[in-house]
Asks: 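Mind having a look at this structure? Questions to follow.
All values derive from a computational prediction rather than experimental measurement. Below, chain A is the first sequence line, B the second, and so on; all start at residue 1.
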2 protein chains.
Amino acid sequence: MINVLLVEDDIDLAATIVDYLDIESINCDHASNGLMGLELIQRNHYQMMMLDINMPKMDGLTLCNTVREKGLDIPILMLTARDSLENKLQGFEAGSDDYLVKPFAMRELVARVQVLAKRRSGEVKRLVLGDLILDLNQRSAQLQQRTLKLSPIAFKLLEVLVRASPQPMGRQHIMQAVWGDEQPDSNSLKVHIHHVRKQLDASKHSPLLKLETISGIGFAIKAADQGDLEIVGNKNNEN
Amino acid sequence: MINVLLVEDDIDLAATIVDYLDIESINCDHASNGLMGLELIQRNHYQMMMLDINMPKMDGLTLCNTVREKGLDIPILMLTARDSLENKLQGFEAGSDDYLVKPFAMRELVARVQVLAKRRSGEVKRLVLGDLILDLNQRSAQLQQRTLKLSPIAFKLLEVLVRASPQPMGRQHIMQAVWGDEQPDSNSLKVHIHHVRKQLDASKHSPLLKLETISGIGFAIKAADQGDLEIVGNKNNEN
DNA sequence: GTACGGGTTAAGACAGGGTTAACGGATACG
DNA sequence: CGTATCCGTTAACCCTGTCTTAACCCGTAC
């Protein structure tokens, strides 16, 4: 189930969008101003978010900037009547991923929402991280030619973490992504993390993959060589 | 350096685009038909690709489909004069990530290219000061390729100081920024400053970074030669 | 000398993560 | 119909990392 957030002060338009997305099996939460949106995005896990620009309390551009400042790189679609080039560039400058001008066709909105949402958590059949291969169709995970033995929840958990890699995910976000709305009220997550770690450590010869704990935040899975690549890239790069 | 591919049969338009991207430090290879594009994409590595739809040999939609079938999930931007809704939906259906209608402003093209290229390649929000890199997304701090071991508070403290650099920050301001309203009533700040200093000094080979004490005022972190804070990230670097 | 600002260090409290085992529900199979 | 197995949740327990606190050090200014 795709889960997205709409931040829009026009209640009628918002209702229309929510309804339309619902038909397409996309669950859409709604906030009517920027502050409320910021609140929701930090508490829940969304695949992407849509932002109106003109809004009371906090406008869309500011919210977009704030979200990026906080280091969240959730895909963002700007949704506004301002169609000048400067406005668009401003939107991209603030860190948005797409820009749709009102009035727009609902079907185009749906298409763009799906694209943005699925890029990170979509229909890609194989996820590769270091020497770990996740085959989503077969629900199989292979680490250095060894097939890991993972329960359904453990597999989902690993999938979620690999998708976010190398970024850490907050506990709440992980819970939401794995269990949805009916979450266990205990330390179940800890146990499953433990199971996943045990499986990853089974092929001990792989210091390549680390499921790290970010204290006070959550967890992150990283391929060891990624960090090095980034630094190397940094030298030649960063124009 | 960003590396992208353009598949377009209109030679003049292609040349214009290549030139324009070059100015923005984006290297752009060019193929004049679908088959050639397929060839190139399989031999080289690109951060994203732009596809014209109307082309001889193999049209853009077919190429897009083919690429997806091969399991390549490189971001694709459709580039075409067909602006009807049906055409757009067809484009998204084929697996593209964005759709830009001709004629378009070059600056908008550049913005969208950068967005598509950077999202995949893990370009994220970073604070850079001298040879220190703070990755807010990963919550990691690297100094000369060594990853610093920082507790949550120590990380926040360092972040606050780096953001203020090279300006000094008063004790009260720091406390407010790190702890908010519930501040410890002891010399806790001193201790955390000490921890941060210890981590910075660990790679002693860096005389580049100094966490200075401004007596009676507070603290300031500075890069030895260049006091300037460089921000790299979602925002397009416009140097 | 002493008062003060800052630096260093260690101890203790505590939260949070890690580990393990047991229970109950579901499913498959005999 | 009963048994075995798997899986997820829960809770109890242990252990590590983190933060605060306080004591002590040093230099300098008065």
Asks: Nearest whole angstrom, please: distance from the P of D:dC26 to the NZ of B:Lys190.
Replies: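 One finds 15 Å between P of D:dC26 and NZ of B:Lys190, rounded.
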
Asks: Using a strict cut-off of less than 4.0 Å between a Lys/Arg side-chain nitrogen and an Asp/Glu carboxylate oxygen, indicate whether A:Glu69 and B:Arg163 qualify as a salt bridge.
Replies: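 Judged by the 4.0 Å cut-off on N to carboxylate O distance, A:Glu69 and B:Arg163 do form a salt bridge.
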
Asks: How many whole angstroms separate atom NE2 of B:His195 from atom P of C:dT8?
Replies: 11 Å

Asks: Counting only side-chain N and O atoms of A:His194, is one of them less than 4.0 Å from OP1 or OP2 of C:dT19?
Replies: yes

Asks: Taking all heavy atoms of A:Val7 and all of A:Gly37, pick out the closest pair and write down the distance.
Replies: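 Where A:Val7 meets A:Gly37 most closely, the heavy atoms are CG2-CA, 4.1 Å.
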
Asks: Tell me what A:Phe219 touches on the nucleic acid: a base, only sugar-phosphate, or nothing, going by heavy atoms under 4.0 Å.
Replies: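 Contact class for A:Phe219: sugar-phosphate only.
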
Asks: What is the distance from CE of A:Met175 to C1' of D:dT9, rounded to the nearest Å?
Replies: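 About 11 Å, once rounded to whole Å.
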
Asks: Round to the nearest Å and state the distance from A:Asp201 atom CG to C:dG18 atom C1'.
Replies: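 Answer to the nearest Å: 13 Å.
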
Asks: Could you check whether A:Lys57 pairs with A:Asp52 (Lys NZ or Arg NE/NH1/NH2 to Asp/Glu carboxylate O, under 4.0 Å)?
Replies: no

Asks: Can you tell me which nucleotide in D:dT10, C:dG6, D:dT18 comes closest to the side chain of B:Ser151?
Replies: D:dT18

Asks: Checking contacts here: which listed nucleotide (D:dT18, C:dG18, D:dT9) is nearest the side-chain heavy atoms of A:Trp179?
Replies: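 Nucleotide nearest to A:Trp179's side chain: D:dT9.
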
Asks: Give the rounded distance in Å between these two atoms: NZ of B:Lys198 and P of C:dT8.
Replies: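 Taking atom P of C:dT8 as the reference, NZ of B:Lys198 is at 9 Å.
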
Asks: How many Å lie between CD on B:Gln199 and C1' on D:dG17, as a whole number?
Replies: 14 Å

Asks: Please state how far atom CZ in A:Arg197 lies from atom P in C:dT20, giving the value in whole angstrom units.
Replies: 13 Å

Asks: Could you check which of C:dT9, D:dT20, D:dT9 has an atom nearest any side-chain atom of B:Ser186?
Replies: D:dT20

Asks: Ignoring hydrogens and angles, tell me if any N or O in the side chain of A:Arg112 forms a donor-acceptor pair with the backbone of B:Tyr99 under 3.5 Å.
Replies: yes

Asks: Consider the side chain of A:Asn187, meaning its heavy atoms from C-beta on, and name the nucleotide among D:dT10, D:dT9, D:dT21 that approaches it most closely.
Replies: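 The answer is D:dT10.
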
Asks: Atom CG of B:Leu157 and atom P of D:dT18: how far apart are they, to the nearest Å?
Replies: 15 Å

Asks: Where do A:Cys28 and A:His30 land on the side-chain contact (heavy atoms from CB on, under 4.5 Å) test, with the steps shown first?
Replies: CA-CA 6 Å; A:Cys28 181; A:His30 171 231; 5.6 Å; no

Asks: Treating A:Gln47 as the side-chain partner and A:Val4 as the backbone partner, does any N or O pair qualify as donor plus acceptor under 3.5 Å?
Replies: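 No; zero donor-acceptor contacts below 3.5 Å.
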
Asks: OP1 or OP2 of C:dG5 less than 4.0 angstrom from a side-chain nitrogen or oxygen of B:Arg171, does that happen here?
Replies: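 Checking B:Arg171 against C:dG5: no side-chain N or O falls below 4.0 Å of OP1 or OP2.
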
Asks: May I ask you to evaluate whether B:His192 reaches the phosphate of D:dT20, defined as a side-chain N or O under 4.0 Å from OP1 or OP2?
Replies: yes

Asks: Can you tell me which nucleotide in D:dC19, D:dT9, C:dG6 comes closest to the side chain of B:Ser215?
Replies: C:dG6

Asks: What's the closest nucleotide to the side chain of B:Pro152 if the choices are D:dC19, D:dG8, C:dG6?
Replies: D:dC19

Asks: Ignoring backbone atoms, establish whether B:Thr213 has a side-chain N or O less than 4.0 Å from OP1 or OP2 of C:dG5.
Replies: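 Answer no for this pair, as no side-chain N or O of B:Thr213 is under 4.0 Å from OP1 or OP2.
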
Asks: When you measure from the side chain of B:Pro184, which nucleotide among D:dC7, C:dG6, D:dT21 comes out closest?
Replies: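 Between D:dC7, C:dG6, D:dT21, the one nearest the side chain of B:Pro184 would be D:dT21.
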
Asks: Looking at D:dC7, I'd like to know if its phosphate oxygens (OP1 or OP2) sit under 4.0 Å from a side-chain N or O belonging to A:Lys149.
Replies: yes

